[in-house]
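Below is one structure, written out as C-alpha cells; the observations come after it.
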Amino acid sequence: MKRVFGTLLVIAIALLAALLLFVYSGVYNVAASEPHTRAVRWLLETTRNQSIIDRAEAVITPTDLNSEQRTVRGARLYASMCQLCHLAPGVEPTALHRGLNPQPPRLSAEASEHSSRYLFWTTKHGIKMTGMPAWGETHSDEELWDIVAFIKELPVMTAAQYQAAIQAPAAASHPY
Ligand code: HEC
C-alpha cells in the first residue's frame with residue numbers, strides 16, 4: 001500500500017513539474033493568427049458550451065420577447081454594439097471579425113441554434129479570453145432582451161430588410 005502511494009506521489013510531482021515547465025518555457029503559441037489544435041479547440045468549445053447552457057437555465061425569458069417594439073429597439077442596439085464583430089446580412093467581414101481568435105460567429109447563421117436564454121446569458125456576461133464583452137456591465141437587462149429579440153429575427157432577414165430595420169426612426173426612443 002505504501003509503495004502504491006509512493007508511486008502515485010512521484011507521478012503527481014512529475015506531472016506538476018511537466019505542467020510548470022510547459023507554462024514557463026513559453027513553448028505554447030498564444031498568437032491569435034495561429035489556429036488552435038483540434039484538441040484545444042474541443043476543450044475550449046465544450047467547456048464554453050456546457051458552462052453557458054448550465055448557467056442559462058436560471059434565466060427567465062420575458063413574456064413579450066417576440067413583441068415588435070423589442071425587435072425595433074434591438075435593431076439599432078445591434079448595429080451599434082454587435083455588428084462590428086458579428087456582422088449581419090449584407091455586411092462584409094470587418095477587420096475585427098477577421099482578426100479575432102476565436103472568430104465571432106455570424107449570428108445571422110448561428111442564432112437559430114441557440115435558445116433565447118443562451119443568447120441573453122452570453123450577451124450579458126460575455127465569454128472570458130475570447131473578445132466577447134460582458135454587456136451587462138453597461139446595459140440594462142431590458143436593453144439586452146431587445147437585442148436578443150432582434151438577433152432571433154436575423155437568420156430570416158435579407159440585406160435590405162436589415163438596413164431598413166437599423167434605420168427605422170421609431171427605434172431611436174426606448175423607455176429604459
Ligand atoms: C469585439 C468583438 C465582439 C463584439 C463587439 C461582440 N461580440 Fe459576441 N462574440 C465575440 C466572440 C469572439 C465570440 C466567440 C466566443 C467563442 O467562440 O467562445 C462571441 C460570441 C457571442 C455569442 C455566442 C455565440 C455562439 O454560437 O455560442 C453570442 C450570443 C454573442 N457573442 C452575442 C453578442 C451580442 C448580442 C453583441 C452585441 C451586444 C456582441 N456579441 C458583441 C466577439 C464580440
Side-chain angles (χ1 to χ4, degrees), residues 28-62 64-67 69-157 161-163 165-168 171-172 174-176:
Y28 190 78
N29 188 358
V30 296
S33 53
E34 192 74 17
H36 283 304
T37 61
R38 274 171 84 160
V40 171
R41 210 174 60 213
W42 174 86
L43 187 73
L44 294 176
E45 286 181 359
T46 310
T47 307
R48 176 202 65 194
N49 290 348
Q50 295 309 114
S51 173
I52 298 175
I53 289 168
D54 187 53
R55 284 162 181 77
E57 267 178 30
V59 172
I60 297 163
T61 310
D64 67 341
L65 184 61
N66 297 326
S67 79
Q69 278 167 318
R70 278 206 187 272
T71 48
V72 167
R73 288 193 298 256
R76 285 244 170 148
L77 294 172
Y78 182 89
S80 65
M81 292 154 64
C82 324
Q83 180 190 309
L84 204 56
C85 284
H86 289 286
L87 311 181
V91 172
E92 290 297 316
T94 58
L96 266 176
H97 175 80
R98 291 171 55 183
L100 278 168
N101 183 359
Q103 196 164 63
R106 283 178 183 265
L107 291 177
S108 55
E110 303 235 342
S112 47
E113 288 175 20
H114 300 300
S115 66
S116 304
R117 297 193 291 191
Y118 180 107
L119 296 172
F120 176 82
W121 191 94
T122 314
T123 305
K124 180 166 178 170
H125 298 286
I127 306 173
K128 278 186 183 129
M129 296 189 74
T130 67
M132 170 58 194
W135 295 99
E137 300 295 310
T138 46
H139 292 74
S140 70
D141 281 7
E142 290 305 319
E143 286 173 302
L144 303 184
W145 278 117
D146 289 349
I147 299 174
V148 170
F150 180 70
I151 292 175
K152 289 170 69 68
E153 305 279 313
L154 273 180
V156 293
M157 234 176 233
Q161 285 168 333
Y162 177 73
Q163 285 307 320
I166 65 173
Q167 284 162 26
H174 72 71
Y176 312 117

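Every number for a ligand or one of its atoms is a count from 1 in the order of the listing. Keep in mind it's a predicted model, so treat the numbers as computed, not measured.
- Among all protein heavy atoms, the one lying closest to atom 1 (C) of ligand 1 is C85 SG, 2.7 Å.
- The shortest contact between atom 16 (C) of ligand 1 and any protein heavy atom is with R48 NH1, 3.1 Å.
- Using a distance-only test at 3.5 Å, with no hydrogens or angles considered, a donor-acceptor pair links the side chain of H97 to the main chain of C85.
- E143 contributes a side-chain N or O that, together with a main-chain N or O of S140, makes up a donor-acceptor pair within less than 3.5 Å.
- When hydrogens are left out, the protein atom nearest atom 24 (C) of ligand 1 is P105 CG, 3.7 Å; that is the closest non-hydrogen contact.
- Considering both main-chain and side-chain atoms, H114 comes within under 3.5 Å of ligand 1 through a nitrogen or oxygen pair.
- Not close to ligand 1: L84, with no non-hydrogen atom less than 4.0 angstrom away.
- Side-chain atoms of W145 and V59, non-hydrogen and from C-beta on, do get closer than 4.5 Å to each other.
- Polar contact check, T130 against ligand 1: no nitrogen or oxygen pair lies under 3.5 Å apart.
- A 4.5 Å side-chain heavy-atom check between K152 and L65 finds at least one atom pair inside the cut-off.
- The protein non-hydrogen atom at the shortest distance from atom 38 (C) of ligand 1 is C82 SG, 2.6 Å.
- Listed by number with element, the atoms of ligand 1 under 4.0 Å from a non-hydrogen atom of I147 are 35 (C), 38 (C).
- Inter-residue side-chain proximity for R70 and E142 is flagged as met; some heavy-atom pair is nearer than 4.5 Å.
- Nearest non-hydrogen protein atom to atom 29 (C) of ligand 1 is L119 CD2, 3.6 Å.
- At a 4.0 Å heavy-atom cut-off, ligand 1 touches T122 through the side chain alone.
- Atom CD of Q69 has 12 or fewer heavy atoms from other residues, nucleotides or ligands within 6.0 Å.
- The proximity of I151 to ligand 1, defined as any non-hydrogen pair under 4.0 Å, is limited to the side chain.
- A 4.5 Å side-chain heavy-atom check between W135 and L77 finds every atom pair outside the cut-off.
- Contact annotation for L107 and ligand 1: only side-chain heavy atoms (C-beta onward) come within less than 4.0 Å of the ligand.
- Below 3.5 Å of separation, one finds an N or O of Y118 facing an N or O of ligand 1.
- With hydrogens left out, the protein atom closest to atom 7 (N) of ligand 1 is H86 NE2, 2.8 Å, a heavy atom.
- With ligand atoms numbered from 1 in the order given, ligand 1 contributes 3 (C), 4 (C), 6 (C), 7 (N), 43 (C) to contacts under 4.0 Å with heavy atoms of P133.
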Worksheet item: Does the side-chain hydrogen bond (donor to acceptor under 3.5 Å, both in side chains) test come out yes or no for Y78 and E153, once each step is laid out?
Response: CA-CA 12 Å; Y78 182 89; E153 305 279 313; over 6 Å; no
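- Nearest to atom 5 (C) of ligand 1 among the protein's heavy atoms is M81 O, 3.3 Å.
- Of all protein heavy atoms, the one lying nearest to atom 33 (C) of ligand 1 is M132 CE, 3.3 Å.
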